[in-house]
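Both counts, for ligands and for their atoms, begin at 1 and track the order of listing.
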Amino acid sequence: MPPLELIPLGGLGEFGMNMMLVACGETAILVDAGVMFPEPELLGVDLIIPDLRQLQQYRIQALVLTHGHEDHIGAVPHVLPYIDGPIYGTKLTLALVEPKLGELNGGEPGKAAKARLVEVRPRDRVQVGSFDIEFLRVTHSMPDCVAVAIYTPAGVVLHTGDFKFDQTPLDAQPVDVHRLAQLGTEGVLVLLGDSTNVERKGVSGSERDVEDGFEEVFTSARGRIVIAMFASSLYRMQIVVDLADQFDRRVAFVGRGVIENSEIAKRLGYLRIPPGVQIRDSDIREFPSQDVVCICTGSQGEPQAALPRIAIDDHRHAKLDQDDVVVFSAREIPGNEKAIGRVMNHIAKRGADIVYEGIKHVHVSGHGSEEELKLMLSLVRPRYFVPIHGEYRQLARHARIAKTVSPGTEVVLAENGDVIRIDGEGARVADKVPAGRILIDGTRSGEVGDEVLRDRRHLAGDGLVVPVVAISRQSGTLEETPDVITRGFVVDARTEALLKEIPSLVAAAIEAASVEERTDPGLIKEKIRVDLQRFFRKRSGLRPLVLPVVMEI
Ligand SMILES: [Zn+2]
Ligand SMILES: [Zn+2]
């Protein structure tokens, strides 16, 4: 048997940017190409993608996508140059990938790139080199998700993608349990299993489980209902749309992410909105507040998204009053607690009511909990098991659970960059290759005119500028003249003059902001960053990374 190599380039030992290289003999494929969203400290960095250097060592004949979440498809435009072949995905996944294809050349996706998208359906099989690849339906927090069975000369590799066992999926498309069991009987060499929710006991529950919680909100709300969710939560959108129809409210999508995704989902039939129910965000003011539901972005407190702007009364179309209710229908991503808490404070100051998981059941996880992970393991009964998608402690816990489910299964615990080799002598981490993070800046900031993409080379070229600002916690006024620190930023006569202007520019930006904006470090940092980047680009053509530091005094 030719040795099989599995090389995780992202998603093992961390959350997000999932990417797995599968190679055997002459054939190599990549499963998923995801991004990770930066911690708030990395302000100015919009995206993080895996280090892609290792991909050059292989002729990768296909990119296989499990589903349309950003942590699985966000890096597709970046890996495209390394893929010598098609991109396989389900209809919805590819529809979400398509607008990204032009991201790197700053425009419409090229014909050549589009032609590489190949749509597959569950139970389809495609041939790639010496691999045969089969797609199996799984359930998750969005429609059209698949697991991938890869038949290699060494044996079957089963990659679960993200999954849970939703027994009553909104689209009536359950997990293909039969095929999973069949594969288990036929023999699976390696199972790569989602570990995201391994620390939760029991089962995660169906997407439908939030229906009652939302119905209570609709029954009791006297004013507007504003619901923040991930832009990919299409099932959740459907539940809200159906309730709006039932309660005679109009639905408006507010924020770029939910507008774009709802349009794609509507076009493809994954989101059904009865005639007359949807209104445009710009028409919200035309309707009495008790007749409106807003579905918006910003559940994580992201300063550029809709809800944080609405919360400080700085949104063009939507505002909050007493009697309104704001629902946070998403999990708190670790690291975002402070930003979310600040948004909640702003909302409370407007007199609106706040509902979140813990008060009412308004969110359900898309990842299987312990009992579901056990079910997957006992259906598939793999010879080897590699936990994926999680931090190291979660992978380790998943490994222990696998042992209790089937003591005969051998577990390989690996991290990004580990080369897992499986051959006649068994399975082990045999080697280590370069892996890490690349910071990408500028692709999502709607406020910057010509959107820029910058990788490390660019950062090395134009350097880093850190304005340090001390602000009064109460009034939001400047306490001292802002300081500027630079690294790798070439200081000559011309740029030195630019740097001298920064303190007054920062002061002007702060002065132009409202008190609420000034006293919210997340919001004011974003404002300073956008202003200074525009300043450097206009005046010098330079694009340094700007990372404001705001101290509250
Ligand atoms: Zn997912
Ligand atoms: Zn994921």
**Student:** Between Lys164 and Glu207, does a salt bridge (Lys or Arg N to Asp or Glu O under 4.0 Å) hold up when you go through it step by step?
**Tutor:** CA-CA 10 Å; Lys164 67 175 172 180; Glu207 288 295 304; 2.8 Å; yes
**Student:** Taking side chain to side chain contact (heavy atoms under 4.5 Å, CB included) as the criterion, tell me which of Val148, Thr90, Thr66 meets it with Phe135.
**Tutor:**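 In the set Val148, Thr90, Thr66, the residue that makes a side chain to side chain contact (heavy atoms under 4.5 Å, CB included) with Phe135 is Val148.
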**Student:** Pick from Asn261, Asp281, Ile259: which one makes a side chain to side chain contact (heavy atoms under 4.5 Å, CB included) with Phe253?
**Tutor:**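 That would be Ile259.
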**Student:** For the Zn ion (ligand 1), find the closest N/O/S atom belonging to His69 and write down its atom name.
**Tutor:**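 It is ND1 of His69.
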**Student:** Do any of the N/O/S atoms of His67, backbone or side chain, fall under 2.8 Å from the Zn ion (ligand 1)?
**Tutor:**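 Checking His67: at least one N, O or S atom is under 2.8 Å.
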**Student:** One pair to check against salt bridge (Lys or Arg N to Asp or Glu O under 4.0 Å): Asp418 and Lys432. What are the steps and the verdict?
**Tutor:** CA-CA 5 Å; Asp418 285 347; Lys432 187 102 187 160; 3.0 Å; yes
**Student:** Is Asp194 close enough to the Zn ion (ligand 2) to have an N, O or S atom under 2.8 Å?
**Tutor:**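 No.
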**Student:** Looking at the Zn ion (ligand 2), is one of the N, O or S atoms of His72 less than 2.8 Å from it?
**Tutor:**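 An N, O or S atom of His72 is closer than 2.8 Å to the Zn ion (ligand 2), so yes.
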**Student:** Can a side-chain donor-acceptor contact be found between His140 and His69 if the only test is distance below 3.5 angstrom?
**Tutor:**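 Looking only at side-chain atoms, His140 and His69 do form a donor-acceptor pair, the distance falling under 3.5 Å.
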**Student:** Suppose we only count N/O/S atoms under 2.8 Å; would Asp162 qualify as near the Zn ion (ligand 1)?
**Tutor:**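 Yes, within the cut-off.
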**Student:** Which atom name does Asp71 have for its N/O/S atom nearest to the Zn ion (ligand 2)?
**Tutor:**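 Relative to the Zn ion (ligand 2), the closest nitrogen, oxygen or sulfur of Asp71 carries the name OD2.
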